Amino acid sequence: MPPCSSSHVRTRFPLESHLPKSRADKRPRRPRFVSDLRYEPELIETKWQAAWERDGIYHAVEDSSKPKKYVLEMFPYPSGDIHMGHVRNYTIGDVVARQAVMKGFSVLHPIGWDAFGLPAENAAIKSNSHPAKWTYANIETQAASFKRMGFSYDWGRSVRSCDVEYYRWGQWIFLKMWERGLVERKKSPVNWCPSCQTVLANEQVIGDGVCWRCKSVVVKRDLEQWYLKITDYAQELLDDLDKLPGWPERVKTMQANWIGRSEGAEVDFELCDAGGEPCGERITVFTTRPDTLFGCSFFLLAPEHPRVREFVVGTEYETAVMTVVDRAARETAVERQMGEREKNGAFTGRFVINPVNGEKVPVWVSDYVLMDYGTGAVMAVPSGDQRDFEFAHKYDLPIPPVVVADDDALLGELAGVSERVRSDVPWETAFDGAGVMVQSGAFTGMRGGKASEGMRAVTESLAEQGRGRFSINFRLRDWLISRQRYWGNPIPAVHCPTCGLVPVPEAQLPVVLPMDIDVTKGETLADHPEFYETTCPTCGGAARRETDTMDTFTCSSWYYLRYCDARNDSAPFERDKADYWMPVDQYIGGIEHAILHLLYSRFTTKVLRDVGLIGFDEPFTNLLTQGMVKKDGETMSKSRGNVVAPEEMIGKYGADTLRAYILFMAPPDKDLEWSYEGVEGMHRWVGRVWRLVTDIAEETASGCGVAASGDTEAKKLHREMHRVTGKVTFDIERFQFNTAIAAMMELTNAAYDYRKSVPAGSRDLALLKDVAQRMTLLLAPFTPHLSEELWGVILMEPGSVHTAQWPVFDAAAAAADEVELAIQVNGKVRGKVTVPADMDQDAIVALALAEVAGHIEGKEIKKVVVVPGKLVSVVVAG
RNA sequence: GCCCGGGUGGUGGAAUGGCAGACACGGAGGUCUCAAAAACCUCUGAGGGAAACCUCGUGUGGGUUCGACUCCCACCCCGGGCACCA
């Protein structure tokens with residue numbers, strides 16, 4: 001048996017002497033030889049987690065000599081045990097953060113807890129406990145799990161939004177907004193979740209009119225509530241989406257749709273009194289189609305419109321109108337907004353004057369008009385709007401055509417006709433496209449349609465007469481932030497019978513959320529006189545403190561700024577620190593926040609910029625929305641009983657395997673289907689890497705081999721190593737973690753192949769060592785514990801692998817000196833030829849033609865295309 | 001209805017317009033073993049062929065191109081968002 005046959009006779013060398021002292025004492029019973037070391041993830045992982053914490057290697061430092069990178073994952077709601085969604089989200093962030101450190105960035109990678117919120121209250125009620133107790137206990141559990149996952153957080157910057165040290169600054173920001181006129185208290189129809197027993201913002205009503213959190217059907221209630229005037233920023237929030245090339249297109253589209261900008265005009269209609277005579281008073285509508293004004297045959301008010309009751313009370317129309325109003329009031333938001341629903345309405349007995357032609361138009365009330373969009377009043381043009389069309393048919397109202405499609409037969413009859421000669425159309429549906437204006441007075445013959453010549457001409461004409469103006473309307477509503485629940489940030493305001501609504505002065509902050517509240521009895525701040533009985537900060541008289549708390553989304557709309565200066569107790573954060581770290585370079589979280597949290601945060605950032613606290617427009621430069629983790633095609637949930645517990649997987653395979661698995665199974669933005677066999681497979685590979693590196697360590701230490709061989713096999717492995725270095729570097733940059741891991745698997749396979757085909761003793765030791773080191777470095781962001789152990793203990797390199805330098809990609813070393821070219825004849829591969837990489841084209845063509853001689857014999861060669869390094873394409877005729 | 005995604009082997013998934021199916025799972029066979037596990041090795045899109053090879057193949061139908069999973073047009077299916085927004 002040859003002396004170097006390492007697969008049978010292991011060369012042993014003592015290990016102790018190579019172990020760094022500080023680490024040596026962490027291992028109670030060390031094996032004496034490398035070959036005795038088995039891959040034991042539990043041992044390795046707990047050891048290194050403790051070491052990292054002790055050495056504080058993840059403390060972020062503002063270092064102006066380095067480029068900075070702020071990597072952030074959406075902070076979690078501490079709901080209890082972590083789930084696979086967390087594992088995926090935070091692992092992705094961890095890979096990005098760890099690689100950035102190795103690439104020489106000054107990295108901020110913080111974590112915290114979105115700790116206020118309703119589930120805590122509900123859980124407290126169930127378990128006869130207190131929301132604070134439940135929340136803090138969950139934070140402990142979850143933090144421990146995150147540590148077991150090996151995430152590289154700077155725990156020293158951690159925040160908990162339910163800590164007074166944090167939420168006091170939320171109150172402070174609220175006051176700043178108030179100073180700027182962005183806080184408003186008003187009464188209007190709002191979304192009420194009967195299950196959560198609180199109101200919701202528009203964004204928090206999702207899908208078919210259900211609560212974002214509990215999925216109950218939301219109802220409308222008329223209540224006085226607190227709002228933040230996000231609509232003041234509607235245009236900027238829309239425009240600045242263009243400043244975010246690093247955001248997924250669909251998230252930007254969703255936000256743009258949500259903001260819903262419409263260009264059009266306001267048109268003033270003069271109201272007639274009960275006797276039908278013009279009374280000088282005006283009612284204004286918003287329309288995107290002022291060009292169709294000549295086709296307005298009725299006028300509509302929303303059932304909630306404040307004038308409706310006044311118009312009909314005591315008249316013969318009262319009963320019919322109030323029936324429509326009452327019916328609409330009884331309906332839920334869902335029913336009301338069903339698109340295909342039958343429209344109901346009633347005539348009010350009143351008329352308005354159409355400003356373009358002086359016609360008297362009847363005023364109706366109808367449930368398809370929404371009070372909270374535009375002015376709650378609509379000019380109805382049944383020939384040009386499908387809803388009006390249906391309504392006109394139902395109630396037998398005229399349908400005068402005003403904009404006719406170019407190829408419509410009706411144009412033959414009406415082209416150039418400026419007076420109204422027809423009040424009906426032969427159409428099945430309304431026509432809302434672009435066309436020719438008819439029966440439209442002086443505007444007849446112009447182009448009509450959205451943003452058309454006619455639209456502008458009519459609006460200008462109205463503007464000259466003071467009866468209209470260009471206008472822009474947004475679908476976006478103001479952000480309703482008050483919540484009738486206990487576990488939230490108290491709104492710092494006082495209701496004074498003399499001074500009215502008074503902000504709590506800055507000096508009196510924070511308004512502390514009292515702890516002696518029994519939520520199990522359904523208590524809120526409104527049941528707590530010690531809290532709400534107060535004095536007015538302005539006049540000193542007896543007053544009542546506001547008892548609503550703020551929407552949790554206010555807490556999450558600025559936490560990324562607090563991380564920059566998390567322990568500041570005299571300001572939310574210091575400007576210098578925010579300037580250094582912000583904006584967030586890479587933000588990672590779920591698509592469910594495409595509107596909600598991401599829109600609120602963009603808004604808050606813009607306000608704080610205008611307050612002068614920061615100097616940038618957008619908080620998150622790049623956004624990655626990760627897909628869900630599913631089981632059997634369905635979301636994991638306790639009710640389905642298909643939950644795979646991360647803790648269990650860590651216990652069985654170790655965190656490194658779980659991390660690598662979850663990154664490998666799918667690209668990060670796609671949904672991922674959980675597979676137990678898949679984890680098993682990943683665990684096999686991790687073990688394979690371990691054995692490869694330990695075997696190489698042993699082999700190189702024994703010196704049994706050649707210093708450098710330069711033979712074909714070695715060249716192949718050398719090239720593969722460099723190719724993979726480039727691939728992994730590039731793939732992490734574009735978040736293709738799955739292919740990055742696949743590439744490392746290929747390198748592993750290549751190294752095994754090399755060791756299989758070259759006998760021990762003839763192997764290139766320098767190359768093997770290089771491969772082992774690079775593998776360890778490339779793996780570090782993915783499997784941090786394994787890499788650290790291989791780096792420090794097995795390969796005996798100094799320092800932490802996580803502060804080592806990321807391997808540099810050498811394109812020349814990755815380039816092959818021979819390439820295999822496919823030879824196509826008329827698009828089909830008919831042969832292959834291996835040539836030197838630098839061979840000139842003519843020679844390649846000659847070789848290629850000879851190779852496929854059988855396929856081109858006797859045929860005319862029409863064209864030959866050479867794609868360097870790839871193929872030769874021959875086109876023949878006949 | 002409108003706006004985004006997405007349709008590739010038994011499965012998860014790879015592919016700057018250049019050999020479709022990298023990598024992995026699963027499956028089949030083998031080595032080692034008294035045996036098993038582990039590990040290692042070989043094969044694995046479909047059809048044909050003894051084989052070299054040949055034919056077909058990325059939702060469907062067209063188009064551009066020497067060449068299309070990739071680009072263009074039309075359509076079908078799945079997922080998501082918005083939707084009585086004037």
Side-chain angles (χ1 to χ4, degrees), chain A residues 7 206-208 248-258 260-262 264 267 285-290 292 300 302 336-343 366-370 372-381 384-388 390-391 432 473-477 591-592 594-595 627 633 661 664-667 669-682 684-685 687-688 691 727 736 738-749 752-753 756 820-832 862-876:
Chain A
S7 54
I206 57 164
D208 291 327
E249 211 50 51
R250 68 171 172 149
V251 174
K252 290 190 279 185
T253 311
M254 283 166 76
Q255 292 216 355
N257 288 343
W258 188 261
R261 183 182 192 272
S262 305
V267 181
V285 298
F286 173 77
T287 177
T288 55
R289 295 295 304 277
T292 63
L300 293 164
R336 179 73 187 277
Q337 287 180 9
M338 290 296 253
E340 304 309 311
R341 190 175 138 279
E342 168 116 12
K343 297 157 179 47
S366 178
D367 53 7
Y368 75 91
V369 180
L370 307 174
D372 57 3
Y373 183 79
T375 60
V378 170
M379 60 176 239
V381 181
D385 182 288
Q386 187 58 25
R387 295 155 298 174
D388 299 345
E390 287 162 20
F391 192 83
D432 61 5
N473 230 293
F474 292 94
R475 208 187 76 100
L476 182 70
R477 298 278 86 81
I591 186 74
E592 66 273 17
I595 295 172
Y661 166 76
F664 178 68
M665 280 302 276
D669 56 327
K670 299 272 167 54
D671 285 352
L672 181 153
E673 176 66 31
W674 181 269
S675 145
Y676 286 104
E677 292 80 10
V679 199
E680 201 74 51
M682 183 52 72
R684 275 203 287 273
W685 176 63
R688 229 166 116 81
R691 286 189 299 278
K727 173 91 176 140
Q736 293 271 339
N738 54 334
T739 53
I741 292 171
M744 291 187 284
M745 288 171 167
E746 287 178 272
L747 180 55
T748 315
N749 294 344
Y752 271 84
D753 285 348
K756 190 178 66 187
E820 191 191 51
L821 301 179
I823 305 155
Q824 294 184 343
V825 178
N826 286 352
K828 286 194 196 302
V829 178
R830 295 299 185 189
K832 286 177 184 178
K862 305 202 80 165
K863 193 175 182 179
V864 180
V865 182
V866 179
V867 183
K870 297 281 184 184
L871 55 69
V872 180
S873 181
V874 184
V875 188
V876 295

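Labels below follow one simple rule: chain letters A, B, ... track the order of the sequence lines, proteins then strands, and each chain is numbered from 1. All values reported here derive from a predicted model rather than from experimental measurement.
Judged by distance alone, the side chains of A:R688 and A:N749 do bring a donor and an acceptor atom under 3.5 Å apart.
Nucleic acid contact class of A:R261 (heavy atoms, under 4.0 Å, all strands): none. Residue-level contact check: A:Q824 touches the bases, meaning some heavy atom is under 4.0 Å from a base atom. Counting any heavy atom pair closer than 4.0 Å across all strands shown, A:S873 reaches a base atom.
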Steps toward ring pair (Phe, Tyr, Trp, His ring centres under 6.0 Å) verdict (A:W685, A:Y661) | CA-CA 10 Å; A:W685 176 63; A:Y661 166 76; over 10 Å; no
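In this structure, of B:rG13, B:rG18, B:rC25, it is B:rG18 that holds the atom nearest to the side chain of A:L871.
Shown here, B:rG26 forms a base pair with B:rU44; the pair counts as Watson-Crick or G-U wobble because both key distances fall under 3.5 Å. Pairing partner, B:rC2: B:rG81, with both Watson-Crick or wobble hydrogen-bond distances short of 3.5 Å.
Side-chain nitrogen and oxygen atoms of A:N738 include at least one within less than 4.0 Å of the OP1 or OP2 phosphate oxygen of B:rA14. At the phosphate of B:rA86, neither OP1 nor OP2 sits under 4.0 Å from any side-chain N or O atom of A:R475.
If you find the closest nucleotide of RNA chain B to A:R691 and to A:K832, the one lying nearer the 5' end belongs to A:K832.
In this model, a side-chain donor or acceptor of A:E820 finds a partner on the base of B:rC19 within 3.5 Å.
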